[in-house]
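For reference, the structure discussed in these notes is given below.
Predicted, not measured: the structure shown is a model, and the values here were computed from it.
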Amino acid sequence: QVQLVESGGGVVQPGGSLTLSCAASGRTFSRDAMGWLRQAPGKEREFVSTITWTGLARSYADSVKGRFTISRNNARNAVYLEMNSLKPEDTAVYYCVADASIDRIRGVSASFWGQGTQVTVSS
């Protein structure tokens, strides 16, 4: 059974930091793009960040550029999202995703999804 399991979510004050982790099992994703999407209450799901299987190309939503950093470890079948200078508008459920197409992830679609982890930014 293929699984993507996120961890690292929680409650943090504005300006704080969190690092999300996503561990994959059931198959290797070393040749797939991986990324993060998020959904805030009452809003549509949106693209956050993605990284190619080589790790050489990364892209970010404008809203998180300069604050979030995506990385991956193919040996561990894992992807990470380091989030700094968090804002209340970053509050959302964050989903780890994987797909053969990086463009699908940018389009808020993917073949494989995690269950999501809640990030709440509040004072």
ring-ring contact (aromatic ring centres under 6.0 Å, His included) partners of Tyr94, counting only residues at least two apart: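 None.
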Counterpart residues, ring-ring contact (aromatic ring centres under 6.0 Å, His included), relative to Phe112 (two or more places apart):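 Expected list: Phe29.
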Main-chain N/O of Gly9 paired to Gln118 side chain as donor or acceptor, under 3.5 Å: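 Answer holds: no.
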Mind checking salt bridge (charged side-chain N to carboxylate O under 4.0 Å, His left out) for [X] and listing every partner two or more places apart, or none if nothing turns up?
X	answer
Lys43	none
Arg38	Glu46, Asp90
Arg58	none

Taking side chain as C-beta onward, heavy atoms only, is [X] less than 4.5 Å from [Y]?
X	Y	result
Met34	Asp99	no
Leu37	Ile105	yes
Tyr60	Thr69	yes
Cys96	Trp36	yes
Phe68	Glu82	no

Compute whether any side-chain donor of one residue and acceptor of the other, for [X] and [Y], lie under 3.5 angstrom apart.
X	Y	result
Asn74	Arg72	yes
Arg104	Ser109	yes
Ser30	Thr28	yes

Shortest non-hydrogen separation from Ile70 to Gly35 and the atoms involved: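 Where Ile70 meets Gly35 most closely, the heavy atoms are CD1-CA, 4.0 Å.
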If you look only at distance, which donor and acceptor atoms sit under 3.5 Å apart when one is on a side chain in residues 10-27 and the other is two or more places apart or in another chain?
residue, atom, partner, partner atom, Å
Ser17, OG, Asn84, OD1, 2.8
Arg27, NH2, Asp32, OD2, 2.5

